[in-house]
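Take a look at the structure below.
By convention in this document, chain letters (A, B, ...) are assigned in the order of the sequence lines, proteins followed by strands, and residues within each chain are numbered from 1.
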2 protein chains.
Amino acid sequence: MAYRHTPERQARDRAQREHVLQLALALVVEGGFASLTMQRLAKAADMATGSLYRHFAGKGELAAEVFCLASQREVEALQEVLATDGSALQRLRAGIERFARRAWDSRQLAWALIAEPVDPQVEEQRLRYREAYAELFAGVLREGEQHGEFRVSHPHLVAACMVGAISEVLVGPLSPQARAQRSEAQVEDDLQQVRSTLIHFCLGALAS
Amino acid sequence: MAYRHTPERQARDRAQREHVLQLALALVVEGGFASLTMQRLAKAADMATGSLYRHFAGKGELAAEVFCLASQREVEALQEVLATDGSALQRLRAGIERFARRAWDSRQLAWALIAEPVDPQVEEQRLRYREAYAELFAGVLREGEQHGEFRVSHPHLVAACMVGAISEVLVGPLSPQARAQRSEAQVEDDLQQVRSTLIHFCLGALAS
DNA sequence: GCAAGAAGTGAATCAGGATTCATACTTTCA
DNA sequence: TGAAAGTATGAATCCTGATTCACTTCTTGC
């Protein structure tokens, strides 16, 4: 009879897990999933590689959690703008702009979330979250339809189109190669063009 | 004074290389890039793994070539419909339909080309080809604009949006998981919905 | 037919990370 | 304080394929 799981220890454990997760996220923000290795993470957290396994069953689970952590924020940011007052069209517009803006402002992370080659467990989360973004847009599309703002026959598919269009138009400029070639000033210009194109393209079909 | 590179030998070499490439493509068509390994390919080609290296500098180069081989076909198919007579709008419509149809008809391959996690050398080609599809659409967009059919401020970006929308709306249903869950009949229905949604979505903005 | 030079072979090796585990250290509590 | 039980360590091991290379087998041109 010795050493029970005291509340303090449990709390410390949870805190440490959280801490590790944050550090892992920092690595991904910095260099994408490619730079998230167990050794590097352990070093960053100043612990032994083996200790990581007390908190996570394996690399895949860890990476998937990091992905979710980052994506959840994006979902929430999107949710926030989509839930404001205003017509469905206005809100969609604001949503698209927010999405693009956020991606543009943390390009390495956006690229990691949208397009970096990742292992299957992470890819699975990617699909889930793309679905989640689409569902948010779909919700607003349905509302707009109910209020007679426009007609959409398959909100869910239209929403997927939106997510695809947004991602694709961002991926080119976001990719590490592309980023290496353009100046900061050009990049800001690019965003403006991308933004207005996206708005026209995604919402144009609804107007008609 | 012995063993020169006779024309016959060179021809045989080229033929063998071509043959290996086709077998590699077959593996990818069958099970995606994940199932393209040097050992498996060697076995399929009935040769030693080492011999593959006489034709290809390494796995990456080989995989990239396979990707190009498959993608080139798609580009050509798209080019073909986009080059027919008719208004730009009609041709765009036909292009989108062809793209979706082809993807639907060889789902494993389409998924491998569009969304499967692949190594960097292949990812690079992926970007190039997405660019190529976009350029084809952009060409037609410019023609339509010249003929006064519609206005587009950034044909290249709009084209990227189209490619993104098409890919995304296909990726969901194309992914191995999704495919495992739906019947053949459902799948044909899905295609119809996807197709009409894509047409509306991609061309709707142009009409206005 | 034969020697020189290619091409083919495939088991062994390498590479790069994830994962394990014997060992050492901490915490708990009677 | 000390025994019991948990936690931390990190070098060693494993894993999965790609890649190599010493050796064998063909081709060619005389």
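A straight line from CG of L62(A) to P of dA18(C) spans 9 Å, rounded to a whole angstrom. Distance, Q121(A) CD to dA18(C) P: 13 Å, rounded to whole Å. Atom CZ in R40(B) sits roughly 16 Å away from atom P in dT19(D) (whole-Å rounding). Protein atom CG of D119(A) is 14 Å distant from nucleotide atom C1' of dT16(D), rounded to whole Å. Distance, D46(A) CG to dT7(D) P: 19 Å, rounded to whole Å. A straight line from CE of M38(B) to P of dG17(D) spans 14 Å, rounded to a whole angstrom. Between Q10(A) atom CD and dT7(D) atom C1' the separation is 14 Å, expressed in whole Å. Atoms OH (Y53(B)) and C1' (dT20(D)) sit 9 Å apart, rounded to a whole Å.
Of the candidates dG10(D), dT20(C), dT20(D), the closest approach to any side-chain atom of A48(A) belongs to dG10(D). Candidate nucleotides dT27(D), dT9(D), dG8(C) were compared by shortest atom distance to the side chain of S51(A), and dT9(D) ranks first. With dT19(D), dA18(C), dT20(C) as the candidates, the nucleotide lying closest to the side chain of T49(A) is dT20(C). Listed nucleotides: dT27(D), dA8(D), dT19(C). Nearest to the side chain of R54(A): dA8(D). Taking every side-chain heavy atom of M47(A) into account, dT9(D) is the closest of dA18(C), dA11(C), dT9(D).
Note on T37(A): only backbone sugar-phosphate atoms sit closer than 4.0 angstrom, heavy atoms only; bases stay farther off.
In summary, the side chains of E74(A) and Y133(A) do not present any donor paired with an acceptor at a separation below 3.5 Å, with no hydrogens or angles considered.
A residue-by-residue look at D13(B) and Q39(B) shows that D13(B) has its nearest nucleotide of DNA chain C further toward the 5' end.
Looking only at side-chain heavy atoms (C-beta outward), K43(A) and T49(A) stay at 4.5 Å or farther from each other.
In this structure a side-chain-to-backbone donor-acceptor pair under 3.5 Å is present from E116(A) to A34(A). Side-chain atoms of R17(A) come within 3.5 Å of backbone N or O of H55(A) as a donor-acceptor pair.
Around atom CG of D105(A), more than 12 heavy atoms belonging to other residues, nucleotides or ligands sit under 6.0 Å away.
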